[in-house]
Amino acid sequence: MTHRPAFRRFAFAFGAAFAVFYVIALAKNLALFTVYPSFGLVIWGTHLSHDVVDPALGFLAPAMYWYGWAATAALGASVVGLLAAALPAWWARRIWLGWLWVIPVAAMLGCVYLTLPWFSLDP
Amino acid sequence: MDRTIVATVLVIVHGLVAVALLGAITHQTLSAWASAGARPGSFFGRFRSVPSAAFTKGIIFLYTVTAALGAVVYLYFRVDIRPALEQANRWELLGFFDLKEHFIAIGLALLPAYFVCWRQPREASTRTRTALTSLLAFIVWWSFLVGHVLNNIRGFGE
(Lines give C-alpha, C1' and ligand atoms only; values in the text may rest on other atoms or scores of the structure.)
Protein backbone atom coordinates (compact mmCIF):
# COMPACT_ATOMS: atom_id res chain seq x y z
CA MET A 1 0.00 0.00 0.00
CA THR A 2 1.41 3.39 -0.93
CA HIS A 3 0.25 6.88 -0.10
CA ARG A 4 -0.45 9.83 -2.25
CA PRO A 5 2.76 11.85 -2.48
CA ALA A 6 0.93 14.97 -1.32
CA PHE A 7 -0.10 13.28 1.93
CA ARG A 8 3.43 11.98 2.40
CA ARG A 9 4.82 15.50 2.03
CA PHE A 10 2.19 16.87 4.40
CA ALA A 11 2.90 14.21 7.04
CA PHE A 12 6.67 14.69 6.91
CA ALA A 13 6.50 18.50 6.94
CA PHE A 14 3.86 18.54 9.68
CA GLY A 15 5.89 16.33 12.04
CA ALA A 16 9.09 18.32 11.70
CA ALA A 17 7.41 21.74 11.70
CA PHE A 18 5.34 20.90 14.78
CA ALA A 19 8.52 20.21 16.75
CA VAL A 20 9.98 23.59 15.72
CA PHE A 21 6.79 25.53 16.46
CA TYR A 22 6.34 23.74 19.76
CA VAL A 23 9.76 24.82 21.04
CA ILE A 24 9.09 28.38 19.89
CA ALA A 25 5.68 28.36 21.60
CA LEU A 26 7.27 27.00 24.76
CA ALA A 27 10.15 29.48 24.74
CA LYS A 28 7.94 32.50 24.03
CA ASN A 29 4.91 31.17 25.97
CA LEU A 30 2.70 31.48 22.91
CA ALA A 31 -0.35 29.49 23.90
CA LEU A 32 -3.34 29.65 21.57
CA PHE A 33 -5.49 29.36 24.67
CA THR A 34 -5.05 29.04 28.43
CA VAL A 35 -6.87 26.49 30.55
CA TYR A 36 -7.88 27.12 34.17
CA PRO A 37 -8.83 23.65 35.41
CA SER A 38 -10.01 24.88 38.82
CA PHE A 39 -12.73 26.98 37.19
CA GLY A 40 -13.27 24.86 34.07
CA LEU A 41 -12.35 27.96 32.10
CA VAL A 42 -10.66 28.26 28.70
CA ILE A 43 -9.46 31.69 27.58
CA TRP A 44 -8.07 32.57 24.16
CA GLY A 45 -4.40 33.52 24.18
CA THR A 46 -1.77 33.37 26.87
CA HIS A 47 -3.04 34.54 30.24
CA LEU A 48 -1.09 34.53 33.46
CA SER A 49 -2.83 33.64 36.69
CA HIS A 50 -2.51 37.19 38.05
CA ASP A 51 -4.36 38.48 34.98
CA VAL A 52 -7.40 36.49 36.05
CA VAL A 53 -7.38 36.69 39.84
CA ASP A 54 -5.65 38.83 42.44
CA PRO A 55 -1.86 38.26 42.20
CA ALA A 56 -1.76 37.12 45.82
CA LEU A 57 -4.35 34.46 45.01
CA GLY A 58 -2.68 33.31 41.80
CA PHE A 59 -1.90 29.91 43.32
CA LEU A 60 -5.64 29.26 43.62
CA ALA A 61 -6.08 29.55 39.87
CA PRO A 62 -3.35 27.44 38.29
CA ALA A 63 -3.06 28.15 34.57
CA MET A 64 -2.22 25.43 32.05
CA TYR A 65 -0.47 26.31 28.82
CA TRP A 66 0.48 22.88 27.47
CA TYR A 67 -2.75 22.47 25.50
CA GLY A 68 -2.35 25.97 24.10
CA TRP A 69 1.28 25.45 23.12
CA ALA A 70 0.34 22.22 21.33
CA ALA A 71 -2.53 24.00 19.54
CA THR A 72 -0.22 26.85 18.47
CA ALA A 73 2.31 24.36 17.14
CA ALA A 74 -0.39 22.32 15.38
CA LEU A 75 -1.71 25.43 13.68
CA GLY A 76 1.71 26.50 12.43
CA ALA A 77 2.63 22.96 11.40
CA SER A 78 -0.64 22.57 9.48
CA VAL A 79 0.20 25.63 7.40
CA VAL A 80 3.70 24.31 6.69
CA GLY A 81 2.28 20.86 5.92
CA LEU A 82 -0.25 22.23 3.46
CA LEU A 83 2.44 24.29 1.75
CA ALA A 84 4.65 21.20 1.50
CA ALA A 85 1.75 19.19 0.06
CA ALA A 86 1.29 21.85 -2.61
CA LEU A 87 4.94 21.78 -3.64
CA PRO A 88 5.97 19.89 -6.76
CA ALA A 89 7.24 16.36 -6.09
CA TRP A 90 10.70 17.01 -7.59
CA TRP A 91 11.30 19.82 -5.08
CA ALA A 92 10.42 17.65 -2.10
CA ARG A 93 12.75 14.87 -3.27
CA ARG A 94 15.71 17.20 -2.78
CA ILE A 95 15.07 17.42 0.97
CA TRP A 96 17.01 14.99 3.16
CA LEU A 97 14.59 12.54 4.85
CA GLY A 98 16.73 12.53 7.98
CA TRP A 99 15.37 15.95 8.94
CA LEU A 100 12.23 14.11 9.92
CA TRP A 101 13.93 12.75 13.04
CA VAL A 102 16.84 15.19 13.43
CA ILE A 103 14.53 18.20 13.87
CA PRO A 104 12.33 16.55 16.55
CA VAL A 105 15.43 15.36 18.42
CA ALA A 106 16.83 18.91 18.33
CA ALA A 107 13.45 20.23 19.51
CA MET A 108 13.43 17.75 22.38
CA LEU A 109 16.89 18.94 23.40
CA GLY A 110 15.51 22.49 23.20
CA CYS A 111 12.72 21.44 25.57
CA VAL A 112 15.30 19.99 27.95
CA TYR A 113 17.21 23.28 27.87
CA LEU A 114 14.04 25.28 28.56
CA THR A 115 13.12 22.95 31.43
CA LEU A 116 16.54 23.17 33.11
CA PRO A 117 15.44 25.96 35.52
CA TRP A 118 13.20 23.43 37.29
CA PHE A 119 16.28 21.41 38.22
CA SER A 120 18.18 24.37 39.66
CA LEU A 121 15.47 25.34 42.18
CA ASP A 122 16.39 24.71 45.78
CA PRO A 123 14.81 21.57 47.19
CA MET B 1 -19.30 10.43 40.84
CA ASP B 2 -16.60 11.50 43.24
CA ARG B 3 -13.85 13.53 41.57
CA THR B 4 -11.07 11.46 43.14
CA ILE B 5 -12.58 8.19 41.95
CA VAL B 6 -12.92 9.51 38.39
CA ALA B 7 -9.28 10.65 38.42
CA THR B 8 -8.09 7.34 39.86
CA VAL B 9 -10.03 5.28 37.30
CA LEU B 10 -8.73 7.46 34.48
CA VAL B 11 -5.11 7.19 35.60
CA ILE B 12 -5.41 3.38 35.93
CA VAL B 13 -6.88 3.05 32.42
CA HIS B 14 -4.22 5.48 31.18
CA GLY B 15 -1.55 3.28 32.72
CA LEU B 16 -2.99 0.05 31.30
CA VAL B 17 -3.20 1.42 27.76
CA ALA B 18 0.34 2.74 28.19
CA VAL B 19 1.55 -0.77 29.09
CA ALA B 20 0.06 -2.14 25.87
CA LEU B 21 1.69 0.69 23.91
CA LEU B 22 5.01 0.06 25.63
CA GLY B 23 4.96 -3.59 24.61
CA ALA B 24 4.00 -2.90 21.01
CA ILE B 25 6.49 -0.09 20.38
CA THR B 26 9.33 -1.99 22.10
CA HIS B 27 8.65 -5.04 19.97
CA GLN B 28 8.58 -3.02 16.77
CA THR B 29 11.72 -1.07 17.67
CA LEU B 30 13.73 -4.18 18.51
CA SER B 31 12.60 -5.89 15.32
CA ALA B 32 13.55 -2.79 13.32
CA TRP B 33 17.04 -2.81 14.82
CA ALA B 34 17.54 -6.58 14.80
CA SER B 35 20.04 -7.82 12.28
CA ALA B 36 18.63 -9.49 9.18
CA GLY B 37 21.08 -12.32 9.82
CA ALA B 38 19.69 -13.11 13.26
CA ARG B 39 19.68 -16.86 13.86
CA PRO B 40 16.17 -18.32 13.35
CA GLY B 41 14.71 -19.41 16.68
CA SER B 42 16.94 -17.00 18.63
CA PHE B 43 15.44 -14.15 20.67
CA PHE B 44 16.03 -11.56 17.93
CA GLY B 45 15.25 -14.10 15.22
CA ARG B 46 11.77 -14.53 16.66
CA PHE B 47 11.37 -10.75 16.86
CA ARG B 48 12.17 -10.46 13.19
CA SER B 49 9.83 -13.25 12.20
CA VAL B 50 6.85 -11.11 13.29
CA PRO B 51 5.93 -8.57 10.59
CA SER B 52 6.78 -5.25 12.28
CA ALA B 53 4.51 -3.22 10.05
CA ALA B 54 1.53 -5.05 11.53
CA PHE B 55 2.05 -3.11 14.79
CA THR B 56 1.85 0.32 13.16
CA LYS B 57 -1.89 0.98 13.26
CA GLY B 58 -2.13 -0.49 16.76
CA ILE B 59 0.70 1.71 18.01
CA ILE B 60 -0.88 4.83 16.49
CA PHE B 61 -4.20 3.95 18.09
CA LEU B 62 -2.67 3.20 21.49
CA TYR B 63 -0.45 6.30 21.41
CA THR B 64 -3.41 8.52 20.56
CA VAL B 65 -5.65 7.00 23.23
CA THR B 66 -2.87 7.17 25.84
CA ALA B 67 -2.14 10.80 24.98
CA ALA B 68 -5.84 11.71 25.06
CA LEU B 69 -6.34 10.04 28.45
CA GLY B 70 -3.15 11.69 29.68
CA ALA B 71 -4.44 15.08 28.53
CA VAL B 72 -7.58 14.57 30.63
CA VAL B 73 -5.69 13.24 33.66
CA TYR B 74 -3.32 16.22 33.39
CA LEU B 75 -6.21 18.52 34.41
CA TYR B 76 -6.66 16.61 37.66
CA PHE B 77 -2.90 16.43 38.15
CA ARG B 78 -2.55 20.21 37.87
CA VAL B 79 -5.18 20.86 40.53
CA ASP B 80 -4.79 17.92 42.93
CA ILE B 81 -1.21 16.63 42.66
CA ARG B 82 1.11 19.36 41.47
CA PRO B 83 0.45 21.79 44.36
CA ALA B 84 1.43 19.06 46.81
CA LEU B 85 4.67 18.43 44.92
CA GLU B 86 5.37 22.17 44.83
CA GLN B 87 4.85 22.43 48.56
CA ALA B 88 7.22 19.51 49.02
CA ASN B 89 9.78 21.33 46.81
CA ARG B 90 9.97 18.38 44.40
CA TRP B 91 10.90 20.70 41.53
CA GLU B 92 13.00 18.12 39.71
CA LEU B 93 9.97 15.82 39.46
CA LEU B 94 7.91 18.63 37.98
CA GLY B 95 10.73 19.22 35.49
CA PHE B 96 10.70 15.57 34.47
CA PHE B 97 6.92 15.66 34.16
CA ASP B 98 7.03 18.79 31.98
CA LEU B 99 9.55 17.07 29.71
CA LYS B 100 7.18 14.12 29.44
CA GLU B 101 4.39 16.43 28.28
CA HIS B 102 6.66 18.15 25.75
CA PHE B 103 7.97 14.88 24.34
CA ILE B 104 4.50 13.36 24.04
CA ALA B 105 3.23 16.38 22.06
CA ILE B 106 6.19 16.17 19.66
CA GLY B 107 5.67 12.40 19.31
CA LEU B 108 1.97 12.81 18.62
CA ALA B 109 2.71 15.10 15.68
CA LEU B 110 5.14 12.54 14.27
CA LEU B 111 2.50 9.79 14.03
CA PRO B 112 1.33 10.64 10.47
CA ALA B 113 4.94 10.52 9.21
CA TYR B 114 5.55 7.32 11.20
CA PHE B 115 2.49 5.79 9.53
CA VAL B 116 3.70 6.75 6.06
CA CYS B 117 7.20 5.42 6.76
CA TRP B 118 5.93 1.98 7.77
CA ARG B 119 3.53 1.79 4.83
CA GLN B 120 6.01 3.09 2.32
CA PRO B 121 7.85 0.29 0.57
CA ARG B 122 10.67 2.58 -0.56
CA GLU B 123 14.06 1.32 0.58
CA ALA B 124 15.29 4.90 1.04
CA SER B 125 13.03 5.44 4.01
CA THR B 126 14.16 2.38 6.00
CA ARG B 127 16.72 4.30 8.05
CA THR B 128 14.27 7.14 8.70
CA ARG B 129 11.64 4.61 9.70
CA THR B 130 13.97 2.97 12.22
CA ALA B 131 15.04 6.34 13.64
CA LEU B 132 11.47 7.56 13.92
CA THR B 133 10.32 4.34 15.60
CA SER B 134 13.25 4.52 18.05
CA LEU B 135 12.40 8.14 18.84
CA LEU B 136 8.79 7.22 19.57
CA ALA B 137 9.96 4.28 21.68
CA PHE B 138 12.17 6.63 23.71
CA ILE B 139 9.24 9.02 24.22
CA VAL B 140 6.94 6.20 25.31
CA TRP B 141 9.52 4.71 27.72
CA TRP B 142 10.39 8.11 29.18
CA SER B 143 6.73 9.00 29.68
CA PHE B 144 5.89 5.65 31.18
CA LEU B 145 8.73 5.74 33.69
CA VAL B 146 8.18 9.36 34.72
CA GLY B 147 4.43 8.85 35.04
CA HIS B 148 4.93 5.65 37.00
CA VAL B 149 7.44 7.18 39.43
CA LEU B 150 5.33 10.29 39.91
CA ASN B 151 2.23 8.22 40.60
CA ASN B 152 4.16 6.21 43.17
CA ILE B 153 5.28 9.39 44.94
CA ARG B 154 1.94 11.16 44.98
CA GLY B 155 -0.87 9.47 43.10
CA PHE B 156 -4.58 10.14 43.13
CA GLY B 157 -6.87 8.96 45.88
CA GLU B 158 -4.48 9.71 48.77
Side-chain angles (χ1 to χ4, degrees), chain A residues 1-4 7-23 25-26 35-38 40 59-64 66-67 69-71 73-74 77-78 81 93 96-105 107-108 110-112 114-123, chain B residues 53 56 67 70-72 74-83 85-122 124-136 138-139 142:
Chain A
M1 178 184 163
T2 56
H3 291 277
R4 291 181 60 186
F7 176 72
R8 187 175 188 267
R9 290 196 295 277
F10 173 85
F12 284 15
F14 180 86
F18 182 96
V20 174
F21 282 117
Y22 187 85
V23 175
L26 176 63
V35 177
Y36 287 92
S38 310
F59 69 95
L60 290 173
M64 298 178 76
W66 178 71
Y67 306 97
W69 293 331
S78 297
R93 274 195 293 270
W96 180 51
L97 266 181
W99 290 120
L100 186 57
W101 62 270
V102 170
I103 290 173
V105 167
M108 286 164 70
C111 290
V112 171
L114 292 168
T115 310
L116 283 179
W118 281 112
F119 298 97
S120 58
L121 290 171
D122 288 333
Chain B
T56 308
V72 176
Y74 191 22
L75 295 165
Y76 293 95
F77 171 85
R78 185 65 184 86
V79 175
D80 300 331
I81 307 294
R82 185 167 153 159
L85 293 173
E86 287 174 351
Q87 283 167 12
N89 292 328
R90 303 305 302 266
W91 306 112
E92 77 286 359
L93 291 173
L94 296 175
F96 283 130
F97 187 84
D98 274 10
L99 282 177
K100 162 176 138 72
E101 299 306 306
H102 302 327
F103 292 172
I104 285 171
I106 290 171
L108 195 60
L110 286 173
L111 291 181
Y114 161 81
F115 178 71
V116 171
C117 279
W118 275 100
R119 292 288 162 168
Q120 194 66 252
R122 281 172 47 172
S125 64
T126 305
R127 195 177 296 171
T128 306
R129 185 175 67 191
T130 304
L132 211 52
T133 308
S134 306
L135 186 59
L136 285 173
F138 170 77
I139 291 170
W142 173 274

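A note on names: the letters A, B, ... follow the listed sequences, proteins ahead of strands, and every chain is numbered from 1.
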Under 4.5 Å from any heavy atom of chain A, what part of [X] do you find: side chain, backbone, both or neither?
X: L135(B); result: side chain
X: I139(B); result: side chain
X: R82(B); result: side chain

Practice item. I would like to know whether F12(A) and C117(B) meet side chain to side chain contact (heavy atoms under 4.5 Å, CB included); could you show each step before the answer? Key: CA-CA 9 Å; F12(A) 284 15; C117(B) 279; 3.8 Å; yes
Check your understanding: What orientation do Y74(B) and Y67(A) show, parallel under 30°, tilted 30 to 60°, or perpendicular over 60°?
Key ->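 Ring orientation of Y74(B) relative to Y67(A): tilted.
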Review point. Taking the six-membered ring for Trp, are Y114(B) and W118(B) parallel (under 30°), tilted (30 to 60°) or perpendicular (over 60°)?
Key: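 Rings of Y114(B) and W118(B): perpendicular, over 60°.
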Point to revise | Heavy-atom side-chain proximity of F96(B) to F119(A) below 4.5 angstrom | key: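 In short, these two side chains touch, coming nearer than 4.5 Å.
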Exercise for review: Quick one: closest heavy-atom pair of F14(A) and A74(A), and the distance?
Suggested key: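 Distance-wise, the nearest heavy atoms are CE1-O, 3.7 Å.
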What part of [X] lies closer than 4.5 angstrom to a heavy atom of chain B: side chain, backbone, both or neither?
X: M108(A); answer: both
X: V35(A); answer: side chain
X: L26(A); answer: side chain

Practice item. Between chain A and each of P112(B), G95(B), P83(B), count heavy-atom pairs under 4.5 Å; write down the option with the most. Key: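 Of the options given, most contacts go to G95(B).
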Exercise for review: Please indicate whether W99(A) has more than 12 foreign heavy atoms, meaning atoms of other residues, nucleotides or ligands, lying under 6.0 Å from its CH2.
Suggested key: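 Count not over threshold, so no.
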Review point. Taking V23(A), L100(A), V102(A), V105(A) one by one, which has the highest count of heavy-atom pairs under 4.5 Å against chain B?
Key: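 Of the options given, most contacts go to L100(A).
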